[in-house]
2 protein chains.
Amino acid sequence: MKDTILDERTKRVLCAVVESYIEKPEPVGSRYIMKKYGFDVCSATIRNIMSDLEDAGFLFQPHTSAGRVPTDRAYRFYVDYIFQKNLISQTSEIKKFIENLTKKLKRLRNNMDSLFLEATQSLSQATKYLGLALLPATEKTALHRVDFIKFKDDLVIAVIVNDKGIVKSKIIRAYHEITQKELNSLADFVNKNYQGKTIDEIREDLLIRIKQEKLFWDKLISKILKMCQEALYFSKEDVYVSGLYNIMQLPDFSDIEKLKEVAKTIQDRHLLIKLFENISEDEEVKVIIGQENPIKEFRSFSIIASPYKEKDRSLGVIALVGPKRMDYQKAIILVNAFAKSLTRTLSD
Amino acid sequence: MKDTILDERTKRVLCAVVESYIEKPEPVGSRYIMKKYGFDVCSATIRNIMSDLEDAGFLFQPHTSAGRVPTDRAYRFYVDYIFQKNLISQTSEIKKFIENLTKKLKRLRNNMDSLFLEATQSLSQATKYLGLALLPATEKTALHRVDFIKFKDDLVIAVIVNDKGIVKSKIIRAYHEITQKELNSLADFVNKNYQGKTIDEIREDLLIRIKQEKLFWDKLISKILKMCQEALYFSKEDVYVSGLYNIMQLPDFSDIEKLKEVAKTIQDRHLLIKLFENISEDEEVKVIIGQENPIKEFRSFSIIASPYKEKDRSLGVIALVGPKRMDYQKAIILVNAFAKSLTRTLSD
DNA sequence: ATTAGCACTTGAATATGAGGAGTGCTAAAG
DNA sequence: CTTTAGCACTCCTCATATTCAAGTGCTAAT
């Protein structure tokens, strides 16, 4: 990689190649660039520039006599460039879009399940890429109420409602016969002491109590506290995925192998959650292009992700998975809009 | 379609063609059939038979000089034939398989979610086709307990636990301020009166009560009963789908269009539920081949379905979707085994 | 530094032909 | 009347050759 300080014209050529390839996934020739993007130099000049860009690692030639195709590096440059030139700032049109979207989502506010289904579906619909959403990790949300319901034998169903109205349930084993009455007072205890606290905080506090009880007091109470502890443990976060069919329509996935890759990765929720772990909560929009992705399964795709919040507390992430030659401008604006809209809906 | 009374030899040839095509999706020739399936006549004879079978609508020739391919009608004949010849009866091997499977599933009995996920996944794994399961319709299961939890304003979260330990929740609007205490006594009322009854029964009974109250008594009570009524209404049943990736590996889906069809149909839960509606609850195994399917979206696939029960009460259906040239023998045995295993697991 | 001109490369599309699998028909055999 | 052997015929597949156009890289002139 030589020096990478590109002059303005070179940048324009690079962007033109990227945009052309985004529009139509075919190797881009110099003459085409010149004419389509109105350059006032002849094709040979463009050719020289493109040759330089290839040396610098931005373009790639499938074979000697073909046009050129952008590399991951080119996409990265392109994305940075449009950010820098403010080509993705909020227009009034976007504001209106967010407005409408928010209205639509607010109607579903009381049912998180439908809300996120709708959000990922319409994000996918709008972009034709794959829409993802990570639901608020239960551990991070505040407890609204807990109930313990006696089931069979020593089995207890713990029902946890958080401040978003999301209900989670878990079957736990008490390891000793326990009456519904006892369970009720146990629930009362938790509700009185912990309502409004996040599950994470509660579990931490419970841990301390368990230690104390173990040292000084009743083994039974310790056992019960342990049960609470277990009831509040959720290993998996919920991920919504929409638009597999949409993504199949893209020419990029006319090759079945790529499709298999996608199917495999979205089948494995683990992987998806791992993906979200790599997305920082403070950035507004994060763009991960191909090889940049720490998770190797996603290295043939690009990902646009944006966190949504409730007031200032980050809750989850909404994201888009598409081919590396995705329409970044549109995608970034839309993901951003959806995140903003979710934030508004949830902050109310 | 001429007369369809086939002599035994003709049937054997037909089955041979079907089995050959199932094994390898290539047009089947007369000489191949003769040698591979040990017929003691020469290829010309087989040729004549195959020609007859084509006239009768069982076989189809892609072009003049090619071998022959089974039609839907041939698959139907084949399936009926193997049923009739008892080629899918329970061997001791299968009994053992069910035994093991049941053990595996019983460990997950307390968590329906994992149970059905595991069931569809391993069904798909074993067959390489798409595994489906329709979860017990909540309406048909018995109520274990209901809880009403005050959320915000006039919003109430209804948490319904059924006798399978499945927890469903729903946010409903009370349309008037209501305290948690009132909600508690309401829940008590429902629990005392309705525990063990199926949701359907409860709703019916509530309906009668509402009418009575409306005519003679308190409007408020009527309102509350209506709320219960609403809380117990679940529009959609849960469907589990596993193995999209597996199905992609089949040569039948190397054509991307077929794949799109599958993706589209499984994306639309509605359609899946509609599929299950066509499966009778008393048959042991139902095989639907291609065009036979009343739902047009499934007409390029075959479906093997079997209901599972709790004791004698039918709960849901487990099914397999695969290409028309699927290995019916294996598939039928396995679906049957899975249904039996689920029945045992749930009947305990 | 840019441009015009041109030879050269390469893949995609098209045509050509050999090879082979499989059929259908006919006439003879059982 | 059924079965079989023999053979001409059909049509697909695969490999090879040919053409075509797009696009490059280089050189020499501007």
Side-chain angles (χ1 to χ4, degrees), chain A residues 2-3 5-14 16-18 20-21 23-71 74 251 254-255, chain B residues 2-3 5-14 16-18 20-21 23-71 74 251 254-255:
Chain A
K2 285 188 206 172
D3 96 69
I5 297 140
L6 312 172
D7 62 49
E8 201 51 40
R9 193 178 62 183
T10 311
K11 289 181 185 173
R12 273 183 57 219
V13 171
L14 181 50
V17 174
V18 172
S20 164
Y21 193 73
E23 199 185 327
K24 196 152 59 76
E26 276 164 20
V28 186
S30 54
R31 218 176 101 84
Y32 182 80
I33 287 294
M34 179 202 81
K35 287 177 80 173
K36 175 100 184 247
Y37 293 85
F39 283 91
D40 283 336
V41 290
C42 100
S43 68
T45 310
I46 304 278
R47 207 137 62 227
N48 290 331
I49 296 173
M50 284 169 80
S51 178
D52 293 346
L53 282 170
E54 182 166 14
D55 292 342
F58 289 104
L59 298 178
F60 159 80
Q61 227 174 349
H63 56 267
T64 338
S65 70
R68 276 157 173 118
V69 163
T71 61
S254 56
D255 172 27
Chain B
K2 284 190 208 172
D3 96 68
I5 297 140
L6 312 172
D7 64 48
E8 200 52 40
R9 192 178 63 181
T10 310
K11 288 181 186 174
R12 271 182 60 218
V13 171
L14 181 50
V17 174
V18 172
S20 164
Y21 194 72
E23 200 185 326
K24 196 149 60 76
E26 277 164 21
V28 187
S30 54
R31 217 176 104 83
Y32 183 80
I33 286 293
M34 179 203 82
K35 287 178 80 175
K36 174 101 184 246
Y37 293 85
F39 283 91
D40 282 336
V41 289
C42 101
S43 67
T45 310
I46 304 279
R47 208 140 58 229
N48 289 331
I49 296 173
M50 282 169 82
S51 178
D52 293 345
L53 282 170
E54 181 166 14
D55 291 342
F58 289 104
L59 298 179
F60 159 79
Q61 225 175 352
H63 56 266
T64 338
S65 70
R68 276 157 175 119
V69 163
T71 62
S254 58
D255 172 26

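All figures in this text were calculated on a predicted structure; none of them were measured in a lab. Lettering follows sequence order; numbering is per chain, from 1.
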Task: Residue met sooner reading DNA chain D from 5', once B:H63 and A:N48 are mapped to nucleotides - done: B:H63
Round to a whole Å and report the spacing from [atom1] of [X] to [atom2] of [N].
| X | N | atom1 | atom2 | answer |
| --- | --- | --- | --- | --- |
| B:I33 | C:dA21 | CD1 | P | 16 Å |
| B:R68 | D:dT10 | CZ | C1' | 13 Å |
| B:I46 | D:dA5 | CD1 | C1' | 15 Å |
| B:D7 | D:dT2 | CG | P | 11 Å |
| B:E26 | D:dT13 | CD | C1' | 12 Å |
| B:Y21 | C:dG22 | OH | P | 14 Å |
| A:K36 | D:dG23 | NZ | P | 13 Å |
| B:L53 | C:dG24 | CG | P | 12 Å |

TODO: Of all the heavy-atom pairs spanning A:Y21 and A:P27, show the shortest one and how long it is.
DONE: CE1-N, 4.2 Å
Are OP1 or OP2 of [N] and a side-chain N or O of [X] less than 4.0 angstrom apart?
| X | N | result |
| --- | --- | --- |
| B:R9 | D:dT3 | yes |
| B:Q61 | C:dG24 | yes |
| A:T64 | D:dT24 | no |
| A:R47 | C:dA1 | no |
| A:R31 | C:dA4 | no |

Open item on the list: Within the 3.5 Å criterion, strictly below it, is a donor on B:N48 or B:S51 matched to an acceptor on the partner's side chain?
Closed with: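 B:S51 and B:N48 do not have a side-chain donor-acceptor pair below 3.5 Å.
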Task: Gap separating the CZ atom of A:R31 from the CE atom of A:M34, nearest 0.5 angstrom - done: 5.5 Å
TODO: May I ask you to say what B:S30 touches in the nucleic acid, namely base, sugar-phosphate or nothing, with a heavy-atom cut-off under 4.0 Å?
DONE: sugar-phosphate
Open item on the list: Quick one, B:V41 and B:R9 - any side-chain contact, counting heavy atoms below 4.5 Å?
Closed with: yes
Open item on the list: Among B:L59, B:V13, B:I33, B:V69, which residue satisfies the side-chain contact (heavy atoms from CB on, under 4.5 Å) criterion with B:V28?
Closed with: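 Answer to the side-chain contact (heavy atoms from CB on, under 4.5 Å) test with B:V28 among B:L59, B:V13, B:I33, B:V69: B:I33.
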- [ ] Measure distances between side-chain N and O atoms of A:S65 and base N and O atoms of D:dT24, and say whether any donor-acceptor pair falls under 3.5 Å.
- [x]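 Result: no qualifying N/O pair found.
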